[in-house]
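The structure appears below as structure tokens.
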Amino acid sequence: METLPGSHTIPAADLRLRGSSTLRFEGESYGSGISYFLVDAEPGSGPDLHRHPYSETWVVLRGQAGLEVGGVRFTATEGDTAVVAAGVWHSFRNTGESRLHIMCIHASPRMIQEEFSPDNQASSGQ
């Protein structure tokens with residue numbers, strides 16, 4: 001595939017997490033101002049509570065996601081978009097019966113993530 005100077009085409013195989021069908025793209029290496037996960041999750045799976053120093057936008061491409069944002073829980077389905085503000089604790093789970101495909105767009109060229117723990121609970125609002 002031909003690309004314009006300064007542009008990149010990155011094969012999915014280069015972004016696939018080992019042992020997973022999920023893709024991870026960090027824009028910094030490619031001159032992009034964003035990063036993303038293209039998640040393909042089995043029912044019941046998803047990341048634990050965490051936060052970033054930048055906003056994150058979720059787009060549900062297929063399936064059903066149970067989202068938790070700042071202690072509030074809600075459901076998103078195909079076509080829905082949810083936005084998480086910088087510094088807010090959040091997580092999601094595949095709460096459907098089929099696979100969840102969700103695009104998790106990080107407003108940063110580099111992914112920075114803090115996992116929730118009892119030590120940082122005081123600043124979580126939980």
Side-chain angles (χ1 to χ4, degrees):
M1 178 182 292
E2 186 175 336
T3 60
L4 296 173
S7 65
H8 303 276
T9 300
I10 304 101
D14 292 354
L15 302 175
R16 194 165 318 283
L17 296 175
R18 181 170 295 173
S20 173
S21 53
T22 292
L23 305 182
R24 177 187 171 124
F25 171 83
E26 283 200 85
E28 186 172 59
S29 299
Y30 304 99
S32 177
I34 64 133
S35 299
Y36 69 80
F37 284 104
L38 180 53
V39 177
D40 178 0
E42 294 183 26
S45 66
D48 291 331
L49 208 56
H50 62 279
R51 66 181 174 183
H52 314 284
Y54 47 79
S55 67
E56 182 175 4
T57 303
W58 292 320
V59 181
V60 178
L61 304 173
R62 189 176 332 146
Q64 177 179 295
L67 309 175
E68 181 176 343
V69 178
V72 176
R73 294 177 186 209
F74 53 100
T75 300
T77 58
E78 185 171 328
D80 292 344
T81 298
V83 178
V84 181
V88 175
W89 294 104
H90 61 278
S91 67
F92 68 85
R93 287 270 177 266
N94 179 350
T95 54
E97 295 180 12
S98 61
R99 296 188 78 82
L100 169 66
H101 293 216
I102 185 169
M103 176 73 80
C104 307
I105 304 164
H106 293 234
S108 172
R110 189 169 53 89
M111 290 186 188
I112 304 165
Q113 183 164 306
E114 178 185 4
E115 300 298 328
F116 181 82
S117 73
D119 294 338
N120 55 26
Q121 186 173 5
S123 63
S124 73
Q126 301 290 312

Please assess Ser91 against Phe116 for the test side chain to side chain contact (heavy atoms under 4.5 Å, CB included), listing each intermediate value before the final yes or no. CA-CA 10 Å; Ser91 67; Phe116 181 82; over 6 Å; no
Quick one, Arg93 with Asp48, criterion salt bridge (Lys or Arg N to Asp or Glu O under 4.0 Å). Give me CA distance, side-chain angles, the key distance, then yes/no. CA-CA 9 Å; Arg93 287 270 177 266; Asp48 291 331; 2.9 Å; yes
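Phe92 and Trp58 have perpendicular rings, their planes meeting at more than 60° on a 0 to 90° scale where under 30° would count as parallel. A perpendicular orientation is assigned to the rings of His52 and His106, their planes being inclined by more than 60° (bins at 30° and 60°).
Atom CZ of Arg110 sits about 15.5 Å away from atom CD1 of Ile34, to the nearest 0.5 Å. If you take CG on Leu38 and CD1 on Ile105, they are separated by 10.0 Å, rounding to the nearest 0.5 Å. Considering CD1 of Ile10 and CZ of Phe25, their distance stands at 5.0 Å, rounded to 0.5 Å. We find the CG-CD1 distance between Leu67 and Ile102 to be 6.0 Å, quoted to the nearest 0.5 Å.
Partners of Ser21 according to the side-chain hydrogen bond (donor to acceptor under 3.5 Å, both in side chains) rule, which considers only residues two or more places apart in sequence or in another chain, are Asp40. Evaluation of the side chain to side chain contact (heavy atoms under 4.5 Å, CB included) rule for Ala13 yields no partner, not counting sequence neighbours.
Ser55 contributes no side-chain N or O that, together with a main-chain N or O of Ala85, makes up a donor-acceptor pair within less than 3.5 Å. Within the 3.5 Å criterion, the main-chain N or O of Met111 finds a donor-acceptor partner in the side chain of Glu26. A donor-acceptor distance shorter than 3.5 angstrom exists from the side chain of Ser35 to the backbone of Ser108, with no hydrogens or angles considered.
If you run side chain to side chain contact (heavy atoms under 4.5 Å, CB included) between Trp89 and each of Leu49, Val84, Val69, only Leu49 comes through. Across Gln113, His90, Glu114, a single residue satisfies side-chain hydrogen bond (donor to acceptor under 3.5 Å, both in side chains) together with Arg51, and that is Glu114.
Val83 and Tyr54 are not part of a single hydrophobic cluster, where members link through side-chain heavy atoms under 4.5 Å apart.
Taking both residues in full, the closest heavy atoms of Thr95 and Ala65 are given as OG1-C, 3.7 Å, listed atom of the first, atom of the second, then distance. In plain terms, the two heavy atoms of Asn94 and Ala41 that are nearest each other are ND2-O, 2.9 Å. Looking at every heavy atom in both residues, Arg16 comes nearest to Leu23 through NH1-CD2, 3.5 Å.
The closest side-chain heavy-atom distance from Leu100 to Val39 is not below 4.5 Å. No side-chain heavy atom of Glu97 sits less than 4.5 Å from a side-chain heavy atom of Pro43. Annotation: side chain of Leu15 is in contact with side chain of Tyr36 (closest heavy-atom distance under 4.5 Å).
Open room surrounds CD on Glu42; 12 or fewer heavy atoms of other groups in view lie less than 6.0 Å from it.
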